[in-house]
Number of protein chains: 2
Amino acid sequence: MTIRDVAAQAGVSVATVSKVLNDRYGVAAATVDRVRGVIEELGYESSLVARSLRNHRTGVIGVLVWDIEPYSAEVLKGAARAVRETPYELVVYAAGGKGDGRMGWEGRYLSRLSGTLVDGAVLVTPTVQTAPGTVPVVAVDPHTGGGSVPTVASDNLHGARLATDHLLGLGHRRIGFLGRPPRDLESGPQRERGYRDALDAAGVPFDPQLVLAGGYGDTDLQNAARTLLTLPDRPTAIFAANDVSAIATVEVARTLGIDVPGALSVVGFDNVPESALCRPPLTTVEQPLQLMGQRAVEMLVALLAEETPEEPHVQLPTRLVVRDSTAPPNPRP
Amino acid sequence: MTIRDVAAQAGVSVATVSKVLNDRYGVAAATVDRVRGVIEELGYESSLVARSLRNHRTGVIGVLVWDIEPYSAEVLKGAARAVRETPYELVVYAAGGKGDGRMGWEGRYLSRLSGTLVDGAVLVTPTVQTAPGTVPVVAVDPHTGGGSVPTVASDNLHGARLATDHLLGLGHRRIGFLGRPPRDLESGPQRERGYRDALDAAGVPFDPQLVLAGGYGDTDLQNAARTLLTLPDRPTAIFAANDVSAIATVEVARTLGIDVPGALSVVGFDNVPESALCRPPLTTVEQPLQLMGQRAVEMLVALLAEETPEEPHVQLPTRLVVRDSTAPPNPRP
DNA sequence: ATGAAAGCGCTAACAG
DNA sequence: CTGTTAGCGCTTTCAT
């Protein structure tokens with residue numbers, strides 16, 4: 001079913017059909033009607049692909065994600081919400097773990113799509129390595145500080161500060177920090193910075209023993225948590241720089257017979273809604289994931305309209321959601 | 001950055017570059033190396049669009065959703081998980097509310113994409129109206145019984161039975177049913193059927209007064225719930241055929257001063273993870289949303305491989321998740 | 001008002 | 001082994 005079928009059926013040339021399709025001038029009213037009729041009758045739809053190959057503009061915003069999991073799904077919801085307010089449509093491109101592990105896959109995918117399938121893109125991929133010169137791009141929460149590409153991130157520094165202040169406010173003095181893996185360049189240090197700032201402000205001495213790097217696998221995480229919790233003078237609270245580590249911490253605590261929240265307070269970061277379902281309910285620093293997706297699309301749309309390029313690096317506020325994992329009785333003095 | 005730039009830079013014809021790109025026979029090793037080098041150097045990626053326009057096969061599975069919201073997001077997670085196991089990539093196409101409200105938009109979008117952008121599609125859209133003859137398609141939970149297209153749905157009948165049995169087991173005899181809007185052709189009646197079957201099996205007489213249709217807007221929903229709850233001999237329990245209605249019911253009960261679960265048990269259907277966060281925690285019939293997405297992709301892949309077409313209509317089991325909204329003390333006799 | 005023709009980036013026959 | 005050619009479905013001059 002192509003434009004030629006329509007043309008043949010209507011007894012006109014493809015050029016004429018194309019004009020009708022795009023509401024161009026220079027077609028007799030009667031012809032327009034006839035062609036419209038045939039289109040309706042045949043249920044014809046023009047091919048997005050062929051059209052964009054010609055046009056180099058598609059009315060589509062692309063979102064590139066490494067995979068669709070709880071985190072990116074939240075961002076996608078926000079992006080979809082923002083797109084609703086615009087004339088654009090949304091295409092999510094999920095590499096589905098097929099990115100070879102090689103960094104820079106997003107750049108390659110981007111160039112596969114850009115100019116042809118999407119007018120601009122939102123990148124929800126930890127490592128943004130884009131060769132510029134393609135379409136407008138906005139990165140969401142890049143771990144390796146977006147460089148020259150506009151980004152939307154959450155306020156990691158302040159979030160970590162909130163979390164640590166909360167624990168300090170509960171009376172804790174020995175607070176462990178379970179960090180991100182070293183490869184995560186951007187948000188990890190910011191969160192540790194917030195942690196240390198809070199300590200400093202409260203006049204609590206910094207103990208390097210209480211800071212651990214975490215890791216990627218489950219075992220790495222659990223080992224790190226175990227190390228922290230089996231310290232001679234073990235921490236009475238732990239701030240985990242992402243919620244996977246926080247949950248691992250809670251589990252390790254259980255196996256060690258340490259009661260949460262009775263004998264240990266735990267706060268997580270990097271909240272996806274699912275972590276609210278954790279038992280005991282986890283106190284977390286909540287990132288506005290949906291909002292990040294939404295703002296990213298809004299920025300992209302502004303870019304596409306060539307409006308004032310807006311602030312290139314947006315930081316969205318985080319907030320502390322207190323749940324049972326830091327409930328009294330606590331702390332141990 | 002096109003194939004011609006590469007060809008020019010490498011001093012060969014585009015045809016040769018194309019051959020290198022696709023690992024075709026008949027290119028001298030030295031030439032292959034040189035072309036590969038140029039490709040690397042220029043960071044060239046072939047255009048997915050141009051390629052698929054030629055090839056009519058893309059290695060991409062499309063998922064069409066009306067919008068990305070909690071429900072479809074769950075399905076997407078499952079689809080993404082399934083795609084990981086395959087050589088395909090995933091493209092989600094979100095109409096973003098732009099579907100005119102006219103039914104059949106999915107068919108139109110499908111034909112815009114099919115044969116060119118996607119090799120097959122999963123439709124996550126209430127009303128599946130596909131003119132066949134395009135690409136292979138699997139529908140997820142279509143409200144209007146998929147007809148000839150293969151579908152993945154959840155076992156609405158059994159789920160409703162479970163919910164009602166649960167309430168009966170609690171001792172309830174006057175159980176209201178807050179149905180889906182009439183337009184929802186498939187799942188609505190199935191859920192009502194399960195409700196009535198359970199009643200019959202328990203020897204509880206069916207009271208038409210206790211069955212209401214619900215509606216689309218918030219007010220419709222609340223009015224329906226209010227009607228049910230202000231009946232002279234009002235129900236002691238309500239089975240709501242989707243979780244939005246269930247939450248509305250809980251809210252209306254509160255405004256009427258009816259304690260949930262003290263004086264009223266509520267069970268919902270159509271669970272998205274978010275409903276676990278409802279206060280009080282909602283007892284729901286949980287649909288395996290992620291699994292549905294996963295199975296849909298698996299079926300589609302089988303279809304694309306032209307394997308045995310498998311069972312065309314898969315029903316996945318639902319399960320009852322009991323939470324506080326049906327906790328004792330209950331029922332009122 | 002209409003259509004013939006060129007070409008978007010790419011691939012596949014076919015010649016050379 | 002390499003290049004020329006035709007054409008995927010569509011839009012757009014430019015003639016007619």
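Just so it is clear, the values below take in all heavy atoms, side chains as well, and ignore hydrogens, waters and symmetry mates. All values derive from a computational prediction rather than experimental measurement.
- Using a 4.5 Å cut-off on side-chain heavy atoms (C-beta onward), A/V38 and A/Y44 make no contact.
- Across the helix from C/dA1-D/dT16 to C/dG16-D/dC1, the helix axis at one end is tilted relative to the axis at the other end by 50° (nearest 10 degrees, each axis from five pairs).
- Side-chain atoms of A/D119 come within 3.5 Å of backbone N or O of A/G59 as a donor-acceptor pair.
- Summarising the geometry of B/M299 relative to B/P150, their closest heavy-atom pair is CE-CB, 3.7 Å, with the distance given to 0.1 Å.
- Of all the heavy atoms in A/A94 and A/I68, the pair that sits closest is CB-CG1, 4.2 Å.
- Of the charged side-chain nitrogens involved, at least one lies within less than 4.0 Å of a carboxylate oxygen, so that A/R36 and A/D23 count as a salt-bridged pair.
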A correct 5'-to-3' footprint of nucleotides 8-16 of chain C, with B, S and - meaning base, sugar-phosphate only and no protein heavy atom under 4.0 Å, is BBBBB----

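- Residues B/A139 and B/V149 come closest through the heavy atom pair CB-CG2, 3.7 Å.
- The nearest pair of heavy atoms linking B/Y25 to B/K19 is O-CD, 4.4 Å.
- Here C/dT2 presents its P atom at 12 Å from CG of A/D33, a figure rounded to the nearest Å.
- In this structure, A/E41 and A/Q9 have side chains that are in contact, with non-hydrogen atoms separated by less than 4.5 Å.
- At whole-Å resolution of the value, CZ in A/R57 and P in D/dT11 are 14 Å apart.
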